[in-house]
Structures are given as C-alpha cells and as structure tokens.
Amino acid sequence: MDLLDWHRGRLSSRRLAVLVKHMPRDSAVNQELHGDGAEWTVTDYLLAAAVDHLAAANWMFASVNTDEDSEPPEPPVPVPRPGDEAPSADPAGEEAESPVAAPSRAELMRFFA
C-alpha cells in the first residue's frame, strides 16, 4: 500500500484512518503513540495485577502471623508496568520511599478482625 495515494486522491481519509488505527501492535506508529505500553496486551496487565494482589495477600498473611517481637516482613514491590517511572534514587544510592506508607500492625489486626 502506498500512502502517497492519499495525496494523489486514490485513498480516502477514512480508509487511511482505518489502516493507521488497525496497524499491528509492534508497528512504529503504535510504538510512537503508546510507548512501551504498545507491547503489553490486556492479558499482560491482568497477569501483573494478579501477581500484585497475590503478593499483597501473602504479605498481609505473613504480617498478621509474625511474632510481635520479630521484625515485620517487607511490603511487596508491584510488577513494573509500561509508563511507570522507576523509583528515583537519592545521591547516596538508596531508593526513595514510596508516598504510601505500609499499614501498621494494629491496622492489619483491625482489618482481619
């Protein structure tokens, strides 16, 4: 297909729009419009969400069932998704803390009570 046909009047604007809209996922146009997200399917997003929820459930179970004197387990890190920014590091090389704090032991106990 020659896209110059649009300039020559042999290809309608509607047909051109349909061709561009339905290009393959790995096309240069999709990569430019959607970045890394063009490579992820709905299944990939659902699988990442399932992994995150399972990790959070396991973390909550471990938090509630640990001894009071022992140190609580580290909260899970979500699966990175396209478009998510990597955690910024400070000059000392340590990762910056996330803005959402982990729930306290008392909050977890109230949740499961």
Side-chain angles (χ1 to χ4, degrees):
M1 167 119 346
D2 188 4
L3 294 181
L4 287 177
D5 285 345
W6 182 76
H7 290 288
R8 295 180 188 129
R10 292 186 226 146
L11 182 66
S12 70
S13 296
R14 182 171 190 262
R15 176 75 175 142
L16 179 62
V18 168
L19 289 172
V20 170
K21 183 177 181 181
H22 296 288
M23 285 188 152
R25 184 174 304 280
D26 61 344
S27 69
V29 172
N30 270 338
Q31 291 289 334
E32 183 64 31
L33 290 175
H34 304 290
D36 293 335
E39 296 175 6
W40 276 51
T41 62
V42 172
T43 306
D44 295 330
Y45 281 106
L46 289 173
L47 184 58
V51 167
D52 288 345
H53 289 295
L54 183 59
N58 288 337
W59 174 76
M60 284 190 269
F61 180 81
S63 295
V64 170
N65 291 309
T66 56
D67 188 24
E68 290 182 18
D69 299 330
S70 65
E71 216 165 292
E74 293 291 322
V77 177
V79 174
R81 290 164 175 76
D84 289 349
E85 294 181 15
S88 59
D90 63 5
E94 298 176 6
E95 289 185 5
E97 291 193 25
S98 64
V100 179
S104 69
R105 187 175 192 84
E107 291 172 328
L108 285 174
M109 296 293 273
R110 254 185 277 124
F111 178 78
F112 285 105

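Scope of the values below: all heavy atoms of this structure, side chains included, with no hydrogens, waters or symmetry mates.
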Open item on the list: Using 0.5 Å steps for rounding, measure from the NE2 atom of His7 to the CG atom of Leu16.
Closed with: 8.5 Å

- [ ] Could you grab the distance from atom OG of Ser12 to atom CZ of Arg10, nearest 0.5 Å is fine?
- [x]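 Taking OG in Ser12 and CZ in Arg10, the distance rounds to 14.0 Å.
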
Looking at every heavy atom in both [X] and [Y], which two are closest together, and how far apart are they?
X: Val79; Y: Asp52; result: N-OD1, 2.8 Å
X: Ala48; Y: Trp40; result: CB-CZ3, 4.0 Å
X: Leu11; Y: Trp6; result: O-CD1, 3.3 Å
X: Pro73; Y: Thr66; result: CD-CG2, 4.1 Å
X: Asp2; Y: Arg8; result: OD2-NH1, 3.0 Å

- [ ] Following the transitive rule for hydrophobic clusters with a side-chain heavy-atom cut-off under 4.5 Å over Ile, Leu, Val, Met, Phe, Trp and Tyr, establish whether Val20 and Leu3 coincide in one cluster.
- [x]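 Same cluster.
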
Task: ILVMFWY cluster, Val29 and Leu19 together (side-chain gap under 4.5 Å) - done: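 Per the 4.5 Å side-chain linkage, Val29 and Leu19 are co-clustered.
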
Open item on the list: Within the structure provided, determine whether Pro72 and Trp59 are in side-chain contact (heavy-atom separation under 4.5 Å).
Closed with: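 No, too far: nothing below the 4.5 Å cut-off.
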
Task: 4.5 Å side-chain heavy-atom contact, Thr41 and Arg25 - done: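 Of all side-chain heavy-atom pairs linking Arg25 with Thr41, at least one is under 4.5 Å.
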
TODO: Could you identify which residues cluster with Leu4, counting Ile, Leu, Val, Met, Phe, Trp and Tyr as linked when any side-chain heavy atoms lie under 4.5 Å apart, either directly or through a chain of such contacts?
DONE: none

